[in-house]
Structures are given as structure tokens and as C-alpha cells.
K.L.:
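Attaching a single structure in C-alpha cells format; questions to follow.
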Number of protein chains: 2
Amino acid sequence: MSSSAQKYDVFQAIADPTRREVLKLLAHKELPISEITSHFPMSRTAIAKHLHILSEANLVSGQKVGREKRYHLKPETFQELKDWLSYYDQFWSNKLSMLKFVVENDGEDSRSNKETD
Amino acid sequence: MSSSAQKYDVFQAIADPTRREVLKLLAHKELPISEITSHFPMSRTAIAKHLHILSEANLVSGQKVGREKRYHLKPETFQELKDWLSYYDQFWSNKLSMLKFVVENDGEDSRSNKETD
DNA sequence: TTGACATGACACCAAAAGGTTTTATATAAT
DNA sequence: ATTATATAAAACCTTTTGGTGTCATGTCAA
């Protein structure tokens, strides 16, 4: 599949508030560009660009139906994001258990700096 | 300080590849700016800016220790992202894709050390 | 065939993002 | 007290981003 020089990745795609709104709209129902546009205070061209970016990031995909093109979400890519996030889970659980350890042992570890944050 | 007019949100913060690398570094160990910088082909000032953005997005926080300032991750904000993502689950939970997640995370939290970004 | 509709593709522009270098300030060590 | 270290802050520059408007193309309906 596309290993092509993707200009936009998932992270950049969801960085823009308008694009996140578009995703939210498409969650409920697949929609053509002009209908999506009607929900925003900007031109259809602008929305088309946003959809292009979302599409390159594989967050949405469009299928032509007659003269319109209907866009819908692509679940797989949301999963990519979840995977990225879950990478960090291991560190937090470690951190939490370590904190618990420190507390239970009255913080006698010499090298540890306790954070008040 | 908690009511600042946040210029950068979490989504923008993680949009940049360098910043995601920084997060990855900080996952293992809290670090001062200069040490973080040593992992990148750019100036300390540039990294400082990235840290400022990550900090504004509440993904990291820094504490001064002597003349250095050590940065560490803030788990709560990662949770925010998870929440945003989980909103979409309802729309495709019946369909596919969650299956993939379950399978890939089968081994519980022992040594799943996937390379992320 | 003609006209309306839905979209795609350009060219253009202002503002923001991501980097640089320089200057300043606080702490540590000799 | 002086010097070296660690960071902060400001001015500046270039590329990218997010928007605009205009024109071209493809499809449906009279």
C-alpha cells in the first residue's frame, strides 16, 4: 500500500481544529464536500484542502457517487494513534508503582527527586 | 497560572516530529534541555522552543534543580488525547479494527516494546 | 444541447511555524 | 571575585500553513 512520500501524517492532520471538526461530522454520517462546507465559516476550497490533508493522512476516504464525492472515516488510522499513545502506558505504570514504592518506604532512595507537580 | 490563554493545544504539540521524539526521550527519564538537545541536529534554542510548546500543551513540565531545569512527561494530558480518540469508538465498535487492537495487546503490559515513531 | 450543480486545480497572499544567532541572567566551581 | 555552565529571551529569516478567488471539468436534468 501507499508508502508514497506522504506529505501529511496523522499527527499533522489532527492538529488543525477545523479538521478535527470535520472528523466529528463524518463520524455520524458520510458527507459530500459542499455539505461539510455548510457547517463552516469558510470557502469550499478551504474545506477541500482540509479533506485532502485528512485523506493523505488516511483518516478519511472519499468515494464518488454520481457527481458528488462522499467522505467517510477510516478506523484503521485512528488505531495508529491509539497505538502511539499506548506506547507511553508502560512508563506511567512504572512511574506509579515507583511512586508507591517510594511512599511506602518513606523515600529513602538517594538518587530520586520527589516531584511536587 | 492555570488560566493562561494557551496558544498551543495537545494536538498541535504532537504534530511536530521533533517534539514527538522529545516526548519519547522523556518517557524513559527526566532530562535537562542540553541533554535533550544532544540527541538532535539543531540548536538548544530550537529545542527550548519545542519544550515551551510541549509545556504549554501540558504534555511536559520542568522543575528547576540547581542551575538546570529537568523536564518530564505529564500523564494526565496523554489521557486527554485518549479521551478524544475514544469518542470515535462508538461509531465503529461494531465493525472491525478494535479486533486488531485487542490482538496486538494480548501479552498484557510486560514487555511490549513497540518502536513508536 | 444547454444550463445548473459538484467538484478539482491553480495562482496568490498573510500569518504562523521552525529554525538561526546574539545577548542576558542565574547558579556552580575554582 | 572570576569564570564557566545552564538556561532564557529577543530579533530575525525562510518555508509552510490556511485561507482567498478564479477557472476548468464532469455529471445530471430539461
K.L.:
A:Ile36 CD1 to C:dT7 C1': how many Å, rounded?
P.N.:
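After rounding, the gap between these two atoms is 12 Å.
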K.L.:
Can you list everything that forms a salt bridge (charged side-chain N to carboxylate O under 4.0 Å, His left out) with A:Glu30? Sequence neighbours excluded, please.
P.N.:
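Counting only residues at least two positions away or on another chain, A:Glu30 forms no salt bridge (charged side-chain N to carboxylate O under 4.0 Å, His left out).
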K.L.:
Please table the atom pairs, donor to acceptor, closer than 3.5 Å between any side-chain atom in residues 20-27 of chain A and protein atoms at least two apart or in another chain.
P.N.:
from: A:Arg20; atom 1: NH1; to: A:Ile14; atom 2: O; distance (Å): 2.8
from: A:Arg20; atom 1: NH1; to: A:Ala15; atom 2: O; distance (Å): 3.1
from: A:Arg20; atom 1: NH2; to: B:Asp9; atom 2: OD2; distance (Å): 3.2

K.L.:
Are OP1 or OP2 of C:dA17 and a side-chain N or O of B:Tyr8 less than 4.0 angstrom apart?
P.N.:
yes
K.L.:
Within this structure, what is the NE2-to-C1' distance between A:His52 and D:dT16, rounded to whole angstrom?
P.N.:
14 Å
K.L.:
Round to a whole Å and report the spacing from CZ of A:Phe40 to P of D:dT20.
P.N.:
13 Å
K.L.:
Starting from P on D:dT17, measure out to CZ on A:Phe11 and report it in whole angstrom.
P.N.:
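Rounded to the whole Å, the gap is 16 Å.
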K.L.:
Nearest whole Å is fine: how far is D:dA8 P from B:Tyr71 OH?
P.N.:
5 Å
K.L.:
Quick one: label A:Arg70 by what it contacts on the DNA or RNA (base, sugar-phosphate, nothing), any heavy atom closer than 4.0 Å.
P.N.:
nothing
K.L.:
On the 0 to 90° scale, with breaks at 30° and 60°, tag the B:Phe91-B:Tyr88 ring pair as parallel, tilted or perpendicular.
P.N.:
tilted
K.L.:
With sugar-phosphate meaning primed atoms plus P, OP1 and OP2, does B:Gln12 contact a base, only sugar-phosphate, or nothing at under 4.0 Å between heavy atoms?
P.N.:
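Sugar-phosphate contact only.
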K.L.:
Between atom NZ in A:Lys69 and atom C1' in D:dC28, what is the gap in whole Å?
P.N.:
19 Å
K.L.:
Give the table of side-chain donor-acceptor pairs shorter than 3.5 Å for residues 31-38 of chain A, with sequence neighbours excluded, one pair per line with atom names and distance.
P.N.:
from: A:Thr37; atom 1: OG1; to: A:Ile33; atom 2: O; distance (Å): 2.9
from: A:Ser38; atom 1: OG; to: A:Glu35; atom 2: O; distance (Å): 2.6

K.L.:
Along nucleotides 19-30 of chain C, 5' to 3', which nucleotides get a B, which get an S, and which get a -, given that the test is a protein heavy-atom distance under 4.0 Å?
P.N.:
BBBB----BS--
K.L.:
Apply side chain to side chain donor-acceptor pair (under 3.5 Å) to A:His52 and list each qualifying residue two or more places apart in sequence or on a separate chain.
P.N.:
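With sequence neighbours excluded, A:His52 shows a side chain to side chain donor-acceptor pair (under 3.5 Å) to A:Glu56, given in chain and number order.
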K.L.:
Return the set of residues passing side-chain contact (heavy atoms from CB on, under 4.5 Å) with A:Ser61 (not counting sequence neighbours), or none when no residue passes.
P.N.:
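With sequence neighbours excluded, A:Ser61 shows a side-chain contact (heavy atoms from CB on, under 4.5 Å) to A:His72, A:Lys74, given in chain and number order.
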K.L.:
Please give, in whole Å, the distance from C:dA6 P to A:Leu51 CG?
P.N.:
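Between P of C:dA6 and CG of A:Leu51: 16 Å.
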K.L.:
Roughly how far, to the nearest 0.5 Å, is the CH2 atom of A:Trp84 from the CG atom of B:Leu81?
P.N.:
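Nearest 0.5 Å value for the CG-CH2 distance: 6.5 Å.
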K.L.:
Roughly, in whole Å, what's the span from CD1 in A:Ile53 to P in C:dG8?
P.N.:
14 Å
